[in-house]
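Here the structure is a predicted model, which means the values were calculated and not measured.
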Amino acid sequence: MEQFFPFILLAVMLVVLLVLPARQRKRMQEQAATMQAALEIGTPVMTTSGLHGTVAGLGDTTVDLEIAPGVVVTFIRQAILEVRRPAEPTVVAEDPARPADGTV
């Protein structure tokens, strides 16, 4: 039995180094495909290159993003990395020592 130990150890390492990451990668691809299929017009998103925009139109394999008022660019759906949530508005407490125009 001891003579087969290196082969058993090699087989276990093969599973750990090849099979488990492949399963994780497949799971991530399925999640990305589900998210990309669920896109709707008006959804704020971020692309793989870090560009933020709002979905303005949807094609079979493309998505049109409005990145500024009146500026629409077309990306392939796979370029959409994540759906972004609008930032919560921050409320600044009124400080009587600060000017009302926001200057310091």
Side-chain angles (χ1 to χ4, degrees):
M1 184 69 170
E2 292 178 17
Q3 65 198 24
F4 296 115
F5 183 73
F7 296 112
I8 293 171
L9 188 59
L10 184 62
V12 169
M13 289 188 342
L14 181 69
V15 167
V16 170
L17 293 176
L18 295 177
V19 175
L20 294 179
R23 290 182 64 209
Q24 177 70 15
R25 192 169 34 253
K26 183 178 179 183
R27 186 178 312 122
M28 290 176 64
Q29 288 174 341
E30 288 173 353
Q31 289 175 344
T34 302
M35 181 269 308
Q36 291 163 2
L39 289 175
E40 297 178 353
I41 294 177
T43 305
V45 296
M46 183 176 75
T47 66
T48 54
S49 62
L51 184 72
H52 292 253
T54 303
V55 176
L58 296 168
D60 291 335
T61 59
T62 61
V63 60
D64 295 332
L65 296 183
E66 184 174 25
I67 57 173
V71 180
V72 178
V73 292
T74 302
F75 286 89
I76 59 171
R77 282 186 183 247
Q78 289 82 5
I80 304 301
L81 179 64
E82 65 182 40
V83 173
R84 304 292 293 180
R85 299 287 174 240
E88 296 292 325
T90 56
V91 178
V92 178
E94 293 296 324
D95 184 5
R98 294 187 83 185
D101 64 357
T103 58
V104 179

Quiz item: Given Val55 and Leu65, is the side-chain contact (heavy atoms from CB on, under 4.5 Å) satisfied, shown in steps?
Solution: CA-CA 5 Å; Val55 176; Leu65 296 183; 4.0 Å; yes
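- Note that the CD1 atom of Ile41 and the OG1 atom of Thr54 stand 11.5 Å from one another [nearest 0.5 Å].
- In this structure, CD on Gln36 lies 10.5 Å from CD on Gln29, to the nearest 0.5 angstrom.
- Hydrophobic clustering, with ILVMFWY side chains joined whenever heavy atoms are under 4.5 angstrom apart, keeps Phe4 apart from Met13.
- Remark: Gln24 pairs with Arg27, Met28 by the side chain to side chain contact (heavy atoms under 4.5 Å, CB included) rule, at least two apart or across chains.
- Within the model, atoms CD1 of Ile67 and NE2 of His52 stand 12.0 Å from one another, a figure rounded to the nearest 0.5 Å.
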Quiz item: Stepwise, does the side-chain contact (heavy atoms from CB on, under 4.5 Å) test hold for Val83 with Leu39?
Solution: CA-CA 8 Å; Val83 173; Leu39 289 175; 4.1 Å; yes
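- For the atom pair CZ (Arg77) and CG (Leu58), the distance works out to 5.0 Å, reported to the nearest 0.5 Å.
- Distance check, rounded to the nearest 0.5 Å: OG1 of Thr62 to CD of Gln78 gives 10.5 Å.
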Practice problem: Check step by step if side-chain contact (heavy atoms from CB on, under 4.5 Å) holds for Thr47 and Leu81. | Solution: CA-CA 5 Å; Thr47 66; Leu81 179 64; 6.0 Å; no
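- Both Val71 and Val45 sit in one connected hydrophobic cluster of ILVMFWY residues. Membership requires side-chain heavy atoms under 4.5 Å apart, directly or through other members.
- The CD atom of Glu2 sits 11.0 Å away from the CD1 atom of Ile8 when rounded to the nearest 0.5 Å.
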Quiz item: Can you list the steps and then say if Thr61 with Ile76 is a side-chain contact (heavy atoms from CB on, under 4.5 Å)?
Solution: CA-CA 6 Å; Thr61 59; Ile76 59 171; 5.8 Å; no
